Each structure stands twice: as C-alpha cells, then as structure tokens.
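Take a look at the structure below.
Just so it is clear, the values below take in all heavy atoms, side chains as well, and ignore hydrogens, waters and symmetry mates. None of the values given here were measured: they were computed from a predicted structure. In this chain, residues are counted from 1 in sequence order.
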Amino acid sequence: MARHLITSALPYINGIKHLGNMVGSMLPADVYSRYLRQRGHEVLYICATDEHGTPAELAAKEQGLPVADFCAQAHDAQKAVYDGFALAFDYFGRSSSEQNVEITQHFARRLNENGFIEERAIRQVYSPTDGRFLPDRYVEGTCPHCGYDKARGDQCENCTRVLDPTDLINPRSAISGSTDLEVRETKHLFLLQSKLQHEVEEWVSRHEDDWPQLASSIARKWLTEGLHDRAITRDLDWGVPVPADTWPELAAEGKVFYVWFDAPIEYIGATKEWADLDPENRDWKSWWYDVDAEVRYTEFMAKDNVPFHTVMFPATELGVREPWKKVDYVKAFNWLTYYGGKFSTSQKRGVFTDQALDILPADYWRYFLIANAPESDDSSFTWEHFTATVNKDLADTLGNFVNRVLSFSKKRFGEEVPAGAEAGEAETKLGEQIAELLAEYETQMEALQFRKAAAALRALWSAGNSYLEEKAPWLEIKTNQEGAALTLRTAMNLIHLYSVVSEPFIPATSAAMRQAFALKDDTAAWVTPEEARALTAVPAGTPFTVPPVLFAKLTDEDLETYKERFGGSPE
C-alpha cells in the first residue's frame, strides 16, 4: 500500500478557530486520513499551531502574558477543541519548537549559499509612540484595492490581496492606534523569488492539471503576475532567530524570520517533533527527504493559503537545492460563510469550534460541514440549513433506521440477531445496490470530492430505509415470522456496514453502532464489495444491545435558541 503524507493549514495561535477554519483544512484532512487508514495505507497526518508573527504578540499583549506562555496555553486550548472534534492527528506540533528553529535556519543558510537570499536596506513604518518598527500586521488601515478599512499590513482579509504596510491608506499602529507614523530605513533579508520564477513555473506546470481548478488557478495567477522578491525577516521579539553564524549584524539587532517563511517549514519540523518522541521507531526523513516517488503528499487548505503553498513554499524548497518532498496534490477550499457574510476570528462573527461542541457532539458538525464543504464555490452556513440536515440525514435516515431495527428485533426476537429464512430476491437486489453505492462512495473519497462522498454515504443509509419500508417487518411478522427475522438480520448487517464505512465522517457514532454487536474478532477495517453484497458480517445468534439515540432531532425551539445566541445574519 502507498505511503500518504497529509498536512492541513496550520491554525494561527491567536484564539479558537471558527467553523470555516475547521471545514477549510483540518476536518477534510482528518476524514481523508481516516479513510486511507481504513483502506490499509500507511498514513502520517501532521499539523501544528502557527505561533510566530504579530498575531501571537498582539494576542499575548491583550491578555497580559509573556508571548511564550500565551502560545503554550493557546496551543493546549486549541488541541483540546480538535480532540473534541475527534481529529486524529498523528502529531499536532508547535512552530515555536526547537526542531522548527533548526530546520528553518538550515533552509535559510542553504538558500543564502545558493544565492537566493539578499540583505537589503528598506524603508519601514516606525511608530515614535510605540518606540519601535512596526512589522506588517502591526499596521492597519484601508486597503487600496477594495477599500476595506480593517486591512492588515501583510494581507487584506476582505479581498485577499497581499500588501505591504506602506500600501495602506490612513495607516495606524495596531499596538497603540497611533497615526503618528514615520518611514525609516532598516535592513532585512529578502528571498529572491524572481530568480526562481521559471523553476516554480515548470514545477507548477507538472502538477496543476491534477489539482482542483481553485488551486491551479490561484497558483497560475500569481505566476502570471510574476514572483517578487519578498522580505523574510521582521523586527519582532518572537520568532525563529536569524542565525548569528550567517548574519551576525541582523542577529544582533534581534531580527527573526517572517512567519510565512517558517510556518510551512513547520510541516517538516512537526514531523521531526513526532519522530523525536520515539527515535528508534520513527524516521522523519523517510517522509520528507529524497522520497519523491515513495510518498504521496496531500495538503488541505482554504483559498487564502493557496499562494503560499503552491508558489512561495515550493520556491523555498527548490532554492534549497536539496531533495525535500514537495506537495503532490493541493486540496483547496473556498470559504464557508455565515449567512452570506464572512466568518471572522478578528471580528468574532460566526460559530466558533468550542461553541459548537458546547451545543452538540462533534459528529453533528463533522457530517454537516463535510456534506456542505465549500469545494466548487463558497457555501453558506445557516441555522435553518444545519437543523434541516441534522434532522433529515442524521436523525431520520441513519439514527431512526438503527433504532427501529434494533428495538423491534429486541422486542420480537430477543437480544440476539435472529436467524430466519435464507436470503431471497430482495436481499440479493439490496446487496447489489449496496455494492454499487459503496463503489461510488470509494470513488468520491479517492478523488477527494467530499460533498459527493457525503451524498454517496447518505445514499447507502437511504438504501437501508428503502429496504425496510419494502419488506415492512412489522407487518411481515404477522404472517411470516421467518421472513421478518431475515429482514431484521439483513438490516442489522447494514447497520454494521454503516458503522465501518461511516467512520471517516462520524467516528463516535460509528463506534456506537459497531459496539451494539458483541461480535468476536470484529477487526474488519473496511467492507469489500463482495462482503457488501453478502451482508453476512453479523451472523445469527450474535448478541446485541440497543444504543442510546444516536442523533436527537432539533426542534424549532432549538433553532430559535441558536439564532438568538449567534444571530441569524452575519451582522
């Protein structure tokens, strides 16, 4: 089986993330990782908190904490939420780790040796009020492209255009709010991306036809506009230090690497963090160094992160002139909106992941988000849509099927799977249908088409309900007890099948369904088409229990409560 390296965009350290962040990177990466593991592949799913740069410093200042203490606490808080969502990372690291410092500095030295880093004097915003140079995110103002009045000095959150602080209209300090700003000269390191333009173009051209259109179009747009040399250091107290053995003057001034230089390298750093926990059995380089054909590398991210991972980080890797693994497939997502407006961490607009778990268990959110993933276009979260999806798909189609089958069988046949008649024409027809639907589900999962995969999974659940309605065991038992027992035994085998193949989407619910049957040696990782046709994994005589209600139906009162708490519009 193949070896699959999977990463999702690193969540910023400055606060708990909203549902848009979850569905735009980490959750689909988890669903795909789980699926691949079930199919027998070797998988390494790596993520980490992105801890450097101005967001960390500003958030720490707001809370009155040293930035290192703030990041440690925030990392643990984020990890607790991701555990709550059942994200099965192999490792969730920290970009402030010693491993990332080591590898980032190595990359910088190698780029310098190869002629791709240059020290330049630049003019940068300085705040006399704050007594310091202001790196990009420490400057806020109006975007010159779209007019958004809360744009940051590195990127406009509204139109996603990359900016320099001096581009902003009516700039102000993000620390003090002062508009008394000057432009002074200071020295920084620049990555000479312009010298790598053609190499990046050649590399992208070899991959872009395989990527989703969203990813390839964004990469091509950046390349068409031309790669510009960009500063990769900042005047900050917190970050990967510029190595003194290579740039002693800048190191003495306390320069650190720009967060977007070291953050992608943390994918490698976090893998080394993981390996260093068990160095005798884990080899981090076997995933990253000189393994081009041996490892398939898939990245998950929202569209605002795409340029950094399809152009800027590949340029860095190419310039190092070492055989570091580069991404094979970029799964890019559009935005999940909140009633048509943007989710926003900074504006505290929308539903945040910790709030979501306070309301309902993770599987409700996991299924809804993946079933409505913003793949081909932005998609809108509304409480009306969420409630309708939960009630129709989870409570009625799946949950009610499981409860009806197990409760009725227990009432009429006791606490063991009934034997009944041999499978007949209806069961043969059902088996063929299930095998076809399972094949469709597999196809869409292999293609990373998550909405279509969710539709195929929903169709598998619906097939069980159609079979149950057709056979109507509550009527059948009145005249044909053996036939009713066959129907229920078949339906119980469907429940077991659902417990296996639904696991990437709803792992807790899948475990509850599987644990309902006291099967000996139930180690099946997946269900083959042949097994799906036969529907015999749960034989007659197997003890079973009726699990608690899998999914509670949401009421009109619930809907109004959610809308009152979070608002029924983005404003």
Side-chain angles (χ1 to χ4, degrees), residues 30-40 85-86 88 361-364 366-367 370-371 390 393-410 415-418 427 430-431 433-435 437-442 445 453-468 487-552:
D30 176 75
V31 170
Y32 186 55
S33 298
R34 286 175 176 273
Y35 171 76
L36 291 175
R37 290 189 190 105
Q38 286 187 269
R39 300 307 306 273
F85 267 86
D363 281 1
Y364 289 73
R366 288 178 62 101
Y367 176 79
I370 293 297
V390 166
D393 294 356
L394 296 179
D396 287 345
T397 303
L398 178 62
N400 189 45
F401 175 79
V402 173
N403 184 263
R404 280 200 299 170
V405 169
L406 297 181
S407 296
F408 185 72
S409 188
K410 178 180 178 181
E415 297 181 347
E416 292 184 353
V417 176
E427 287 69 40
L430 173 67
Q433 181 186 15
I434 292 297
L437 292 172
L438 179 60
E440 172 66 11
Y441 179 52
E442 292 175 352
M445 289 292 279
L457 181 61
R458 187 188 312 120
L460 278 165
W461 299 343
S462 295
N465 283 276
S466 297
Y467 170 75
L468 206 62
T487 300
L488 293 169
R489 187 182 78 237
T490 302
M492 289 185 191
N493 272 277
L494 282 176
I495 293 171
H496 185 268
L497 180 145
Y498 297 160
S499 76
V500 176
V501 302
S502 304
E503 193 265 345
F505 282 71
I506 48 173
T509 305
S510 293
M513 288 190 288
R514 195 160 185 168
Q515 290 163 8
F517 302 102
L519 280 172
K520 295 180 180 179
D521 302 321
D522 185 14
T523 59
W526 194 248
V527 180
T528 67
E530 292 73 22
E531 291 168 337
R533 288 187 184 90
L535 291 173
T536 56
V538 183
T542 301
F544 72 90
T545 57
V546 182
V549 173
L550 298 180
F551 294 100

- Query: With sequence neighbours left out, what residues match Thr536 under side-chain contact (heavy atoms from CB on, under 4.5 Å)?
  - Reply: Ala534
- Task: Could you tell me whether the side chain of Asp30 reaches within less than 4.5 Å of the side chain of Phe85, counting heavy atoms only?
- Result: no
- Task: Determine the minimum heavy-atom distance between Ala512 and Leu550, stating which atoms define it.
- Result: CB-CD2, 4.2 Å
- Message: Is there a side-chain contact between Arg366 and Asp363 in this structure, where contact means two heavy atoms from C-beta onward sitting under 4.5 Å apart?
- Response: yes
- Which residues share a ring pair (Phe, Tyr, Trp, His ring centres under 6.0 Å) with Tyr35, sequence neighbours left out: Trp526
- Message: With salt bridge (Lys or Arg N to Asp or Glu O under 4.0 Å) as the rule and sequence neighbours excluded, what pairs involving residues 529-538 come up?
- Response: Glu432-Arg533
- Note on the structure: The complete set of salt bridge (Lys or Arg N to Asp or Glu O under 4.0 Å) pairs with one or both residues in residues 509-524, sequence neighbours excluded, reads Arg514-Asp522
Output a table of donor-acceptor pairs, distance under 3.5 Å, between side-chain atoms of residues 497-507 and any protein atom two or more places apart or on a different chain; print 'none' if there are none.
from: Tyr498; atom 1: OH; to: Leu460; atom 2: O; distance (Å): 2.5
from: Tyr498; atom 1: OH; to: Trp461; atom 2: O; distance (Å): 3.4
from: Tyr498; atom 1: OH; to: Gly464; atom 2: N; distance (Å): 3.2
from: Ser499; atom 1: OG; to: His496; atom 2: O; distance (Å): 2.5
from: Ser502; atom 1: OG; to: Trp461; atom 2: NE1; distance (Å): 3.2
from: Ser502; atom 1: OG; to: Tyr498; atom 2: O; distance (Å): 2.7
from: Glu503; atom 1: OE2; to: Arg34; atom 2: NH1; distance (Å): 2.5

- Name all residues meeting the salt bridge (charged side-chain N to carboxylate O under 4.0 Å, His left out) criterion together with Glu415; count only those two or more places apart in sequence or in a different chain, and write none if there are none. Lys410
- Note on the structure: Which of Asn465, Val538, Leu468, Leu430 passes side-chain contact (heavy atoms from CB on, under 4.5 Å) with Leu494? Answer is Leu430
- Message: Within the structure provided, determine whether Val31 and Met445 are in side-chain contact (heavy-atom separation under 4.5 Å).
- Response: yes
- Task: Quick one: list whatever passes side chain to side chain donor-acceptor pair (under 3.5 Å) with Glu427, sequence neighbours left out.
- Result: Tyr467, Lys471
- Note on the structure: Glu440 meets the side chain to side chain donor-acceptor pair (under 3.5 Å) criterion, sequence neighbours left out, with Gln444
- Query: Under the ring pair (Phe, Tyr, Trp, His ring centres under 6.0 Å) test, which residues partner Phe551, sequence neighbours left out?
  - Reply: Tyr364
- Task: Taking all heavy atoms of Pro529 and all of Leu438, pick out the closest pair and write down the distance.
- Result: N-CD2, 4.4 Å
- Of all pairs that satisfy salt bridge (Lys or Arg N to Asp or Glu O under 4.0 Å), the ones with a partner from residues 541-550, not counting sequence neighbours: none
- Residues two or more places apart in sequence or in another chain: which of them pass side-chain contact (heavy atoms from CB on, under 4.5 Å) with Pro539? Leu519, Thr542
- Pairing residues for Arg458 by the side chain to side chain donor-acceptor pair (under 3.5 Å) criterion, not counting sequence neighbours: Tyr367, Asp393
